[in-house]
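For reference, the structure discussed in these notes is given below.
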Amino acid sequence: MGDSLAILDSVLKETGRTPDDVILVGQSLGSGVATQIASVRHVKKLVLLVPFDSLLETARGLFPYLPVRLLLPDHFRSDLAAPKVACPVSILAAGADEVIPPHHAKRLRDCFSVPVSYQEFPGAMHNTIWLSPGFDKAFSQSIGY
């Protein structure tokens, strides 16, 4: 988190850009970092691909027989950071995600206090969402391209 904030601040300073020029995009684990950053820095938009509400809860679902609370040093609680995000948010979720089931993305969507555009791609899996029909268009719209 500290490194990501330092990089963002450095890029803004070196390029003369403003936070209103920044669109944060986070995929999977990166969605947790992007959500945390957007909760403490004003940016233009936050785009999350196959995100989770809580890495701890996601891991508990995948490994119910392990003491994941003790094994995970960072629980990446995007659900707790989401209410602090002040920019528009887009979430693109994989309907058949075998790593982060889509109910985690839906839970996260409901945590934001700002407008959220949510799109789920039926049949898409965690690492193949990019190949889903309509994904390119949805992603392009999410980043305003």
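By convention here, the first residue in the shown sequence is residue 1.
Counting heavy atoms from C-beta on, the side chains of Leu8 and Arg41 come closer than 4.5 Å. Side-chain contact check for Leu24 versus Val47: every heavy-atom pair is 4.5 Å or farther apart. Within the 4.5 Å cutoff, side-chain heavy atoms of Met1 are placed close to those of Ile37. Residues Lys44 and Asp21 are not in side-chain contact: their nearest non-hydrogen atoms beyond the backbone lie 4.5 Å or more apart. Proximity of Val116 to Ile91: side-chain heavy atoms (C-beta onward) are separated by under 4.5 Å at one or more points. Side chains of Thr18 and Leu12 form no contact here, defined as non-hydrogen atoms less than 4.5 Å apart. Contact of the Ile23 side chain with the Val43 side chain is not registered, since no non-hydrogen atoms from C-beta on lie closer than 4.5 Å. Ser78 is listed as a side-chain neighbour of Phe52, based on a closest heavy-atom distance under 4.5 Å.
Cluster membership for Ile129 and Leu48, using ILVMFWY side-chain heavy atoms within less than 4.5 angstrom, is not shared. Linking Ile, Leu, Val, Met, Phe, Trp and Tyr residues whenever their side-chain heavy atoms come within less than 4.5 Å leaves Ile7 and Leu46 in two separate clusters. Under the 4.5 Å side-chain heavy-atom criterion for Ile, Leu, Val, Met, Phe, Trp and Tyr, Leu66 and Ile100 are members of the same hydrophobic cluster. Under the 4.5 Å side-chain heavy-atom criterion for ILVMFWY residues, a single connected hydrophobic cluster contains both Phe139 and Phe121. Cluster annotation: Val11 is not connected to Val40 through the hydrophobic network of ILVMFWY side chains, with a link wherever side-chain heavy atoms come within less than 4.5 Å.
For Asp3, the CG atom counts as loosely surrounded, since its 6.0 Å shell holds 12 or fewer non-hydrogen atoms of other residues, nucleotides or ligands. Dense packing is recorded around NZ of Lys45, with more than 12 heavy atoms of other residues, nucleotides or ligands lying under 6.0 Å away.
Under the 3.5 Å distance criterion, the side-chain polar atoms of Thr128 are left unmatched by any main-chain donor or acceptor of Leu131. Between the side chain of Ser140 and the main chain of Lys137, no donor-acceptor pair closer than 3.5 Å is present. A donor-acceptor pair is defined here as one N or O able to donate and one able to accept, closer than 3.5 Å; such a pair exists between the side chain of Ser31 and the backbone of Ser28. Side-chain atoms of Glu98 come within 3.5 Å of backbone atoms of His126 as a donor-acceptor pair (strictly under, hydrogens ignored). Side chain of Ser142 to backbone of Ser90: no donor-acceptor contact under 3.5 angstrom is found.
For the pair Gly61 and Pro64, the tightest heavy-atom approach, listed with the atom from each and the gap, is O-CD, 3.8 Å. The two residues Trp130 and Asp136 have their closest heavy-atom pair at O-OD1, 4.1 Å. Across every non-hydrogen atom of Pro102 and Tyr118, the tightest pair is O-OH, 3.9 Å. Nearest heavy atoms, Asp79 versus Leu108: N-CD1, 4.0 Å. The minimum heavy-atom distance between Pro83 and Cys111, with the atom names listed, is CG-O, 3.4 Å. Across Asp74 and Leu55, no two heavy atoms sit closer than the pair O-CD2, 3.9 Å.
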Query - Stepwise side chain to side chain donor-acceptor pair (under 3.5 Å) test for Asp97 and His104 - result: CA-CA 10 Å; Asp97 198 322; His104 289 285; over 6 Å; no
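If you take CG on Leu29 and CZ on Phe76, they are separated by 4.5 Å, rounding to the nearest 0.5 Å. The OG atom of Ser10 lies 12.0 Å from the CG atom of Leu5; values are rounded to the nearest 0.5 Å. The structure places OG of Ser132 at 10.0 Å from CG of Leu92, a figure rounded to the nearest 0.5 Å. Put simply, NE2 on His75 and CG on Leu80 are 11.5 Å apart, with the number rounded to the nearest 0.5 Å. Between the CD atom of Glu120 and the NE2 atom of His103 there is a distance of 11.5 Å, given to the nearest 0.5 Å.
Relative ring orientation between Tyr65 and Phe63 is described as perpendicular, the plane-to-plane angle rising above 60° on a 0-90° scale split at 30° and 60°.
Across Arg60, Arg107, Lys106, a single residue satisfies salt bridge (Lys or Arg N to Asp or Glu O under 4.0 Å) together with Asp53, and that is Arg107.
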